Amino acid sequence: MNHPAHLLRDLVYHAAIKAGFTLQANDIRLERTKTLQHGHFATNLAMNLAGKLSKKPRDVAEAIARELKNPLIQKIEISGPGFINLWIEQKFYTDECHEILNGLDDYINQSLGLDKGNKKMLIDYSHPNIAKPMGVHHLLSTIIGDSIKRIYQAMGWTVVADNFIGDMGTQFGKLIHAIKTWGNLKEIEKDPIPNLLKLYVQFHFEADKDVELDDAARAEYKKFEQGDPESRQLWKKIVRWSFMEIQPVYDRLGVQFDHLNGESFYEDKMPAILKQGRSSDLFTDGQDGAWIVLSDNPDEPPAVIRKKDGVTLYITRDLARIAYWEKEWHPERMVNVVDVAQEFYFRQLFGVAEKMKLTPAKNVHVAFGRMQFKDGWMSTRKGNIILLNDLLDEAEARALKLAREKGTELTPAQQKELARVMGIGAVKYNILSQNRLHNMTFDWNTMLSFEGNSAPYLMYTAARAQSVLRKGKITPKNAARYELSFSDDRERILALDLTTYPETIRRAADEYKPSFLATHLYTLAQDFNAMYNDLKILQAESDASKKTRLLLTGATVEMMQHGLSLLGIEVPEKM
Ligand code: ARG
């Protein structure tokens, strides 16, 4: 364990042990300070220990500081109520930059002391509903889920992505009824999704006037569940048509799944769940003959597992999914990236799953808020349904304008490719850079701006850093020959950005928040640009400074590419 970042934590740990305290290395949090005046890193360890031992935090801090002697540590100060502030030798940052240039995956692994490939996660994201256009919340789930998958992979987890597509459920009763009553298969086939949507809308319109229709749809759905061949045939067609719409969106987004086990996949797995729930007396009879699970909280409604007519529900299939994931993969975690609107539903689901002991895995609902469209772009579209392909087209068209403005020395084909990368990247980054727990805003102008927290800004910074290296005739990899020799705080700050990357990834993973990573990259870009704008790199005052800045530039390029790839964003080489 002689990796530098590890070493730092170890040093503090051993000093505390020597000073006579009992603790775990994991209890130690080394935080980056706000300004260099307070050192490079600070730890509140002394305050934590003092609290438990009822000692004065500053005394504890001093006892630890006395033992904290190492050539890596330049200076120690105790500040405030008992923070230990550390200044670190530049040799440390040189080593870190070398590790970064050796490969960021290894760097993260070693720096966090990870156990590669030891843990497994099953993750469900995207999950659009068949026969309906993908909604905006499905886009959010797709993009957030894909990034969480990548971040956990970087953390050494084995991640299996399984898309719980909505390909069953009572809406099919409505749709099949509508097709049979008003539809014409040949006509539908010409433009399936909009036509199915029209039929679906027509059903709701007619059902408002005619209450019998809902019963007809229910009967239709029951027939389908019982395996009626005509309904099954129709359903298969609908699923196929829907994929013709969904797959191109996935391709454009560069999103992949290991499995597409939609709700219908669990059809033959539900009877076992129903049997288990009934025989253990967990599923009791509701008033009207439905099977229910009462909540432990009397103010909450029960979970309905089977309807009075014997038809299964969304939750029945989700329970079967949890059981199947457990049986197939025995993962440590099961994650569902779903709209906050389903928060109560997931609480119910996990509660019932726990009572049934379906899995020892930790079930997590990663919720996200709504997307608000700032410039009314949505309202100009049909209803409040947005066709994702239209949205991506619009993003690329707007990005093309930018690409033409900025990339004047590119060929038209290169401009078009740049517009694709920027347009898709901008949509993704706009989502991922916002705290998923709050409502998010969708604003074409900010997301496609070269200034501020946007994908084009980060891409532009990465391209600029790459072009510095090109002009200096070196690659990031061979910048690793150089050593750091700091002469300016802008260099030190950039070096700190680089070394705090593994902690950022850990935090993004722990809290399922890619936004921490986005913020890190934005800071990195700003601090690189400060160095680029205020200091000379290739024409630096001394050879030592030139090498320092080239090493930092090389590490910045690598980190920008790595970080953006964890957000699922491509990086253009030239802009
Ligand atoms: N298809 C559902 C919907 O659009 C979301 C599925 C979420 N995943 C799950 N395992 N329940 O509302």
Side-chain angles (χ1 to χ4, degrees), residues 127-138 165-242 244-246 262-264 286-292 301-317 339 341-342 344-345 370 373 376 378-388 390:
H127 39 240
N129 295 323
I130 294 294
K132 287 193 198 165
M134 268 174 118
V136 175
H137 57 291
H138 296 122
I165 294 182
D167 58 1
M168 253 185 112
T170 43
Q171 79 265 23
F172 282 98
K174 297 176 186 170
L175 200 56
I176 292 172
H177 181 84
I179 294 174
K180 284 185 177 169
T181 320
W182 308 293
N184 168 333
L185 284 182
K186 289 235 161 55
E187 278 305 307
I188 298 175
E189 201 133 35
K190 287 185 191 150
D191 195 7
I193 297 301
N195 284 330
L196 290 178
L197 185 64
K198 261 187 236 150
L199 283 167
Y200 197 72
V201 170
Q202 183 170 3
F203 178 90
H204 282 277
F205 181 75
E206 304 284 343
D208 276 346
K209 296 181 294 187
D210 179 359
V211 283
E212 310 263 287
L213 273 189
D214 276 324
D215 288 333
R218 252 194 298 277
E220 200 64 75
Y221 186 67
K222 191 166 178 179
K223 252 166 79 186
F224 164 80
E225 272 217 354
Q226 288 166 345
D228 171 65
E230 195 195 350
S231 320
R232 290 279 153 167
Q233 279 253 314
L234 257 179
W235 170 79
K236 275 205 187 121
K237 278 209 173 93
I238 299 172
V239 172
R240 192 162 39 80
W241 287 331
S242 292
M244 284 161 50
E245 168 96 10
I246 296 167
E263 293 184 40
S264 69
Q287 282 163 344
D288 54 1
W291 292 358
I292 61 170
V304 182
I305 311 292
R306 204 186 80 151
K307 288 200 196 175
K308 60 176 181 210
D309 57 2
V311 162
T312 58
L313 289 125
Y314 180 45
I315 194 169
T316 331
R317 296 183 275 284
D339 194 341
Q342 296 194 27
F344 176 67
Y345 167 76
R370 305 199 55 176
F373 286 77
M378 273 274 282
S379 55
T380 64
R381 311 279 136 167
K382 322 132 189 128
N384 57 358
I385 281 163
I386 194 169
L387 295 175
L388 291 191
D390 288 359

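Here the structure is a predicted model, which is why all the values come from computation and not from measurement.
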Under 3.5 Å, which donor-acceptor pairs do the side chains of residues 175-191 form with other protein atoms, sequence neighbours left out?
unit_1	atom_1	unit_2	atom_2	d
H177	NE2	T181	OG1	3.4
K180	NZ	E220	OE2	3.0
T181	OG1	H177	O	2.5
N184	OD1	K186	N	2.9
N184	OD1	E187	N	3.3
E187	OE2	K190	NZ	2.9
E189	OE2	W241	NE1	3.4

Side-chain contact, heavy-atom cut-off 4.5 Å: [X] with [Y]?
{"X": "L388", "Y": "I246", "answer": "no"}
{"X": "H138", "Y": "N129", "answer": "yes"}
{"X": "L196", "Y": "E245", "answer": "no"}

Review point. Would you say K222's side chain and D309's backbone share a donor-acceptor pair under 3.5 angstrom?
Key: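 Yes, the answer is positive, given that a donor and an acceptor are paired below the 3.5 Å cut-off.
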Practice item. Could you tell me whether a side-chain N or O of Y221 sits under 3.5 Å from a main-chain N or O of Q171, the two making a donor and an acceptor? Key: no
If I take atom [atom1] from residue [X] and atom [atom2] from residue [Y], how far apart are they, to the nearest 0.5 angstrom?
{"X": "F172", "Y": "E263", "atom1": "CZ", "atom2": "CD", "answer": "8.5 Å"}
{"X": "I305", "Y": "I315", "atom1": "CD1", "atom2": "CD1", "answer": "4.5 Å"}
{"X": "K174", "Y": "H204", "atom1": "NZ", "atom2": "NE2", "answer": "4.0 Å"}
{"X": "M168", "Y": "I130", "atom1": "CE", "atom2": "CD1", "answer": "13.0 Å"}

Check your understanding: Does one side chain, of R306 or T316, offer a donor that lies under 3.5 Å from an acceptor on the other?
Key -> no
Point to revise | Shortest non-hydrogen separation from W235 to D167 and the atoms involved | key: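 Scanning both residues completely, I find the closest heavy atoms to be NE1-O, 2.8 Å.
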Practice item. Could you pull out the closest heavy-atom pair between P128 and I165, with the gap in Å? Key: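 So the minimum-distance heavy-atom pair works out to O-CG2, 3.6 Å.
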Practice item. List in chain and number order the residues that pass salt bridge (Lys or Arg N to Asp or Glu O under 4.0 Å) with R232, two or more places apart in sequence or in another chain; answer none if no residue qualifies. Key: E267
For residues 206-216, tabulate all N or O donor-acceptor pairs below 3.5 Å that involve a side-chain atom, not counting sequence neighbours.
unit_1	atom_1	unit_2	atom_2	d
D210	OD1	E212	N	3.0
D215	OD1	R218	NH2	2.9

